[in-house]
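Reminder, nothing fancy here: chain letters follow the sequence lines and each chain counts from 1.
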Number of protein chains: 2
Amino acid sequence: MTTQHMTTQQLTRNQGLVFDVLSHSGSPLSAYSILDKLRDSGFRAPLQVYRALDKLLEFGLVHRLESINAFVACAHPEDGCHAHGLTAFTICETCGKVDEFHDHVIEDRLKGFAKDRNFKTGKTTIEIRGTCAGCA
Amino acid sequence: MTTQHMTTQQLTRNQGLVFDVLSHSGSPLSAYSILDKLRDSGFRAPLQVYRALDKLLEFGLVHRLESINAFVACAHPEDGCHAHGLTAFTICETCGKVDEFHDHVIEDRLKGFAKDRNFKTGKTTIEIRGTCAGCA
DNA sequence: ATTGTGAATGTAATGTTATTACATCAATTG
DNA sequence: CAATTGATGTAATAACATTACATTCACAAT
């Protein structure tokens, strides 16, 4: 199985259920609130959620928001998001709305910084918490 | 009390103890490992640590690393770090070493993005996890 | 058909991180 | 000295995440 061009069709049942819940949520969800939403579908334990999330993260269908311990569906899951390089987020602390963006200048700048220091970059997190236009 | 030009002299006992532990640690510490290190100094409960950390964060003497749920002393606490604007971090996943840096280009870029979207920026997190030069 | 393999699942228990609630103490000020 | 404010002590609980182990499923090789 390749993780390229992954579509929601080839997900397992649990992965599909978790992705579905995230896709239909207007805001990020914690693993435990996903679990609660999936009790009726047979979910019983956190691990079922975390395992599905791990795969979805790997496929690039879901993002983890480190600063709020929550998960959100990728804004453009068609191509698995991995294609777009570094992803940054704005997170509205009032309504929970998350916007995703990609900035090559920032990406190059961080790459340059890492290279200068011989730092081998793994995963990079950029998250801006604040208030969105609608909530201002 | 002003939070400008805060020096370690004006910290309370608990704040001072926590700051001291972080300052002398070569790598970030979780709240609970700080607690463990301060048992002998009379700490008994997590809240003692979290309260001190809250203040130290407010003073700009300490940073929270969101992606690893840990805390680190500011690299230049003389001026409370707040003076330097946005702070970004590299975090070595092997040895725990953290480097702090400030990049105006990235800062301006994020500011511009927020402004374009009428997003009112609160706190911004930039963290690069990977492997440092020494551990490569 | 059978068996071997790897991925996914089910379940319980536990570990880790953070907060709420409430009582007390200390410093400052009016 | 009363009133207020900030800091502290303690217990309990909430929220987030992982370990361990048994089982099941899909599928390829025999």
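Nearest-nucleotide mapping onto DNA chain D: of A:Asp54 and B:Pro46, the residue sitting toward the 5' end is B:Pro46. When the nearest nucleotides of DNA chain D are assigned to B:Gln15 and B:Arg44 by heavy-atom distance, the more 5′-ward of the two goes with B:Gln15.
The distance between atom CG of A:Leu53 and atom P of C:dT9, rounded to the nearest whole Å, is 12 Å. Look at CD1 on A:Ile68: it is 11 Å from P on D:dA17, rounded to the nearest Å. Across the protein-nucleic acid pair, B:Leu35 atom CG and D:dT8 atom P stand 15 Å apart, rounded to whole Å. When rounded to the nearest whole Å, the span between CD of A:Glu66 and C1' of C:dT17 equals 14 Å. Regarding A:Ile34, its CD1 atom lies at a distance of 14 Å from the C1' atom of D:dA15, rounded to whole Å. Whole-Å rounding puts the B:Gln10 CD to C:dA27 C1' distance at 16 Å. To the nearest angstrom, C1' of C:dT9 lies 14 Å from CG of A:Leu38. A:Leu56 has its CG atom 11 Å from the P atom of C:dA8, to the nearest Å.
Counting non-hydrogen atoms of neighbouring residues, nucleotides and ligands closer than 6.0 angstrom, the NE2 atom of B:His76 exceeds 12 such neighbours. Other residues, nucleotides and ligands contribute only 12 or fewer heavy atoms inside 6.0 Å of the CG atom of B:Asp40. Taking a 6.0 Å sphere around NZ of B:Lys123, one finds it holds more than 12 heavy atoms contributed by other residues, nucleotides or ligands.
Residue B:Tyr32 and nucleotide C:dT17 are classified as a stacked aromatic pair, their ring centres being separated by less than 5.5 Å at an interplanar angle below 30°. A stacked arrangement is not assigned to A:Tyr50 and the six-membered base ring of D:dT18, the conditions of a centre distance below 5.5 Å and an interplanar angle below 30° not being jointly met.
In this structure, the side-chain contact (heavy atoms from CB on, under 4.5 Å) partners of A:Phe89, at least two apart in sequence or on a different chain, are A:His63, A:Leu65, A:Thr87, A:Ile91, A:Val98, A:Glu100, A:Glu127.
Taking every heavy atom of both residues into account, B:Gly96 and B:Pro28 meet most closely at O-CD, 2.9 Å. Nearest heavy atoms, B:Gln48 versus B:Arg44: OE1-N, 2.6 Å.
Note on B:Phe101: it does not cluster hydrophobically with B:Val72, by side-chain heavy-atom contacts below 4.5 Å among ILVMFWY residues. Note: the hydrophobic cluster containing B:Ile68 does not contain B:Phe71 (ILVMFWY, side chain heavy atoms under 4.5 Å, direct or indirect links).
Contact of the A:Thr121 side chain with the A:Leu110 side chain is not registered, since no non-hydrogen atoms from C-beta on lie closer than 4.5 Å. The side-chain heavy atoms of B:Phe19 and B:Pro77, taken from C-beta on, include a pair separated by under 4.5 Å. Contact check for A:Lys37 versus A:Leu29: side-chain heavy atoms found under the 4.5 Å cut-off. Counting heavy atoms from C-beta on, the side chains of A:Phe59 and A:Gln15 come closer than 4.5 Å.
At C:dG10, one or more side-chain N or O atoms of A:Gln48 fall inside 4.0 Å of OP1 or OP2 (strictly under the cut-off). Residue A:Asn14 places none of its side-chain N or O atoms closer than 4.0 Å to OP1 or OP2 of C:dA8. OP1 or OP2 of C:dT9 sits under 4.0 Å from a side-chain N or O of A:Thr12. For D:dA17, one of the phosphate oxygens OP1 or OP2 lies less than 4.0 angstrom from a side-chain nitrogen or oxygen of A:Asn69.
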Report the C-alpha separation of B:Asn14 and B:Val18 in whole Å, then their side-chain angles, then the decisive distance to 0.1 Å, and conclude whether the side chain to side chain contact (heavy atoms under 4.5 Å, CB included) test is met.
CA-CA 6 Å; B:Asn14 285 4; B:Val18 169; 5.6 Å; no
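B:Arg129 and A:Thr125 are linked by a side-chain donor-acceptor pair at a separation below 3.5 angstrom, with hydrogens and angles left out of the test.
DNA chain C lies under 4.0 Å from at least one heavy atom of each of the following residues of residues 24-31 of chain B: B:Ser30. At a non-hydrogen distance threshold of 4.0 Å, nothing from residues 87-100 of chain B comes into contact with DNA chain D.
Its side chain within the 4.5 Å cluster rule, B:Val105 clusters with A:Val105 among the Ile, Leu, Val, Met, Phe, Trp and Tyr residues.
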Please list, pair by pair, any protein nitrogen or oxygen found under 3.5 Å from a nitrogen or oxygen in nucleotides 20-22 of chain D.
none

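At its two ends the helix from C:dA1-D:dT30 to C:dG30-D:dC1 runs along axes set 20° apart, each axis drawn from five pairs and the angle rounded to 10°.
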